[in-house]
Amino acid sequence: MALFLQSLSILFTTLLLKHILAEAATCSNCFTHSRAAHYPNSDEQGTDIGACGFGSFGATVNGGDVSAASDLYRNGVGCGACYQVRCIDSNYCSDKGVTVVVTDQGSGHNTDFVLSQRAFGRMAQTTDAAASLLALGVVDIEYRRVSCSYPNKNITIKIDENSDYPHYLAFVLWYQQGDKDITAVQLCETKNSVCKLLDRSHGAVWTTTSPPSGPLSLRMLLSGEDGDESWIVPVNNIPENWKGGETYDAGVQISA
């Protein structure tokens with residue numbers, strides 16, 4: 001009887017351990033421990049020369065609560081992703097932390113994030129605590145992926161200034177809500193639906209030489225951490241005579 005109870009106890013413990021490990025492996029809402037630093041410059045916001053290619057938008061989006069990422073940059077796939085980041089020292093840090101948008105690539109002192117000074121300070125409970133955090137420079141944190149939210153904003157296509165109509169087209173996508181990645185983009189002629197798969201040249205910049213002619217329809221592949229994939233097609237087209245530096249409202253948004 002004692003041997004039976006011992007075997008039953010071992011079996012129960014093994015099953016419980018497997019359950020815990022399975023939950024840990026699939027938990028998309030759990031926090032991960034890491035470290036974060038902040039940009040050393042005096043500008044409270046991010047940088048307008050970030051690796052994602054967002055330009056000045058990458059410094060000011062989300063009120064300037066932005067970050068460079070190291071491994072989470074993922075060769076540019078991570079550009080535009082949002083994370084809740086909170087430091088863990090109860091003397092200084094709030095429970096909520098701050099939500100940041102990845103707009104750059106970078107690391108320092110074994111960090112996953114290099115936050116704008118504004119975002120770094122917003123992890124604190126008070127203004128005085130924020131000053132103390134900034135003085136520390138690098139802090140222990142925990143983070144998790146969260147949905148981006150841009151109320152009253154549609155996905156916006158920003159044509160790169162170096163684009164050369166009609167020979168070369170490059171653009172980035174602004175204001176992508178939700179918690180999925182844009183992993184592929186197609187450009188289609190609206191007249192005959194012939195589509196061309198674009199290249200990710202760097203960061204969030206999509207490019208093509210000899211782009212299709214006429215008004216152009218965009219197709220974006222959204223990929224989730226759970227392996228789910230879906231194509232989204234904006235309502236509005238890129239006009240036939242597109243110009244470098246112009247922005248075009250896609251007329252569509254992703255449910256956050």
Please tell me if the side chains of Glu240 and Pro215 come closer than 4.5 Å, counting only heavy atoms from C-beta onward. yes

Using salt bridge (charged side-chain N to carboxylate O under 4.0 Å, His left out), reason through Asp140 and Arg35 one step at a time and then give a plain yes or no. CA-CA 4 Å; Asp140 292 321; Arg35 287 161 62 80; 3.3 Å; yes

Give the cluster check for Tyr39 versus Val139: same hydrophobic cluster or not, with ILVMFWY residues linked at side-chain heavy-atom distances below 4.5 Å. no

Which value, rounded to the nearest 0.5 Å, describes the distance between Met220 atom CE and Gln186 atom CD? 11.5 Å

Asp95 atom CG: more than 12 heavy-atom contacts under 6.0 Å: no

Which is it for Lys180 and Ser223 under the side chain to side chain donor-acceptor pair (under 3.5 Å) test, yes or no, and what are the steps along the way? CA-CA 5 Å; Lys180 294 185 177 181; Ser223 302; over 6 Å; no

Is the shortest heavy-atom distance from the side chain of Glu189 to the side chain of Ser213 under 4.5 Å? yes

Starting at CD1 of Ile238, measure out to NZ of Lys243 and round the result to the nearest 0.5 Å. 15.0 Å

Is it true that Val98 and Val102 fall in one hydrophobic cluster, defined by side-chain heavy atoms closer than 4.5 Å? yes

Do Ser34 and Asp112 have side-chain N/O donor and acceptor atoms under 3.5 Å apart? yes

Fellow cluster residues of Phe54, listed by chain then number, with links counted only when side-chain atoms sit under 4.5 Å apart: Phe57, Val61, Val66, Val101, Tyr150, Val172, Trp174, Tyr175, Val205

Less than 4.5 Å apart, any side-chain heavy atom of Asp179 and any of Val146? no

Are there over 12 heavy-atom neighbours, none belonging to Asn192, within less than 6.0 Å of that residue's CG? yes

For Gly80 and Cys148 the tightest heavy-atom approach is O-SG, 3.2 Å

Path from Ile88 to Leu136 over hydrophobic side-chain contacts below 4.5 Å: no

Nearest heavy-atom approach of Leu197 to Ala184 is CD1-CB, 4.3 Å

Nearest-0.5 Å distance that lies between atom OG in Ser94 and atom CZ in Arg86: 9.0 Å

Is it true that, when you exclude Asp71 itself, more than 12 heavy atoms of the residues, nucleotides or ligands shown sit nearer than 6.0 Å to its CG? no

Rounded to the nearest 0.5 Å, what separation is found between the OG1 atom of Thr208 and the CG atom of Leu216? 10.0 Å

Let me see the working for Phe113 and Tyr143 under ring pair (Phe, Tyr, Trp, His ring centres under 6.0 Å), right down to the final yes or no. CA-CA 10 Å; Phe113 295 92; Tyr143 70 89; 5.0 Å; yes

Electrostatic pair Arg118-Asp65, nearest N-O below 4.0 angstrom: yes

Which heavy-atom pair separates Ala250 from Pro234 by the least distance, and what is that distance? O-CB, 3.3 Å

State yes or no: do Phe171 and Val252 share one hydrophobic cluster built from I, L, V, M, F, W and Y residues joined by side-chain heavy-atom distances below 4.5 Å, directly or via other members? yes

When rounded to the nearest 0.5 angstrom, what is the spacing between CD in Gln177 and NZ in Lys153? 11.5 Å

Heavy-atom side-chain proximity of Val233 to Ser217 below 4.5 angstrom: yes

For the hydrophobic clusters of this structure (ILVMFWY residues joined by side-chain heavy atoms under 4.5 Å, transitively), does one cluster hold both Val138 and Leu134? no

Answer whether the closest heavy-atom distance between the side chains of Asp181 and Arg74 falls below 4.5 Å. yes

Nearest heavy-atom approach of Arg200 to Ile182 is NH2-O, 2.8 Å

Please say whether more than 12 non-hydrogen atoms of neighbouring residues, nucleotides or ligands are located less than 6.0 Å from CD1 in Ile49. no

Within the 4.5 Å heavy-atom criterion, are Thr207 and Leu169 side-chain neighbours or not? no

For Trp242 and Pro166, work out which heavy atoms get closest and say how close. CZ2-CA, 4.2 Å

Residue Asn110 excluded, over 12 heavy atoms near CG under 6.0 Å: no

Would a 4.5 Å heavy-atom cut-off, applied to side chains only, mark Val185 and Leu221 as touching? no

Nearest 0.5 Å, please: how far is CG in Leu133 from OG1 in Thr126? 9.0 Å

Geometric cation-pi criterion, Arg144 with Tyr83: 6.0 Å, 45°: no

Hydrophobic clusters join Ile, Leu, Val, Met, Phe, Trp and Tyr when side-chain heavy atoms are under 4.5 Å apart, directly or via other members; which others share one with Tyr73? none

What verdict does the side chain to side chain donor-acceptor pair (under 3.5 Å) test give for Tyr165 and Asn241, after you've listed the backbone C-alpha separation in whole Å, the side-chain angles of each residue and the deciding distance to 0.1 Å? CA-CA 8 Å; Tyr165 177 85; Asn241 298 315; 3.1 Å; yes

Taking the side chain as every heavy atom from C-beta outward, state whether Leu173 and Leu218 have any atom pair closer than 4.5 Å. yes

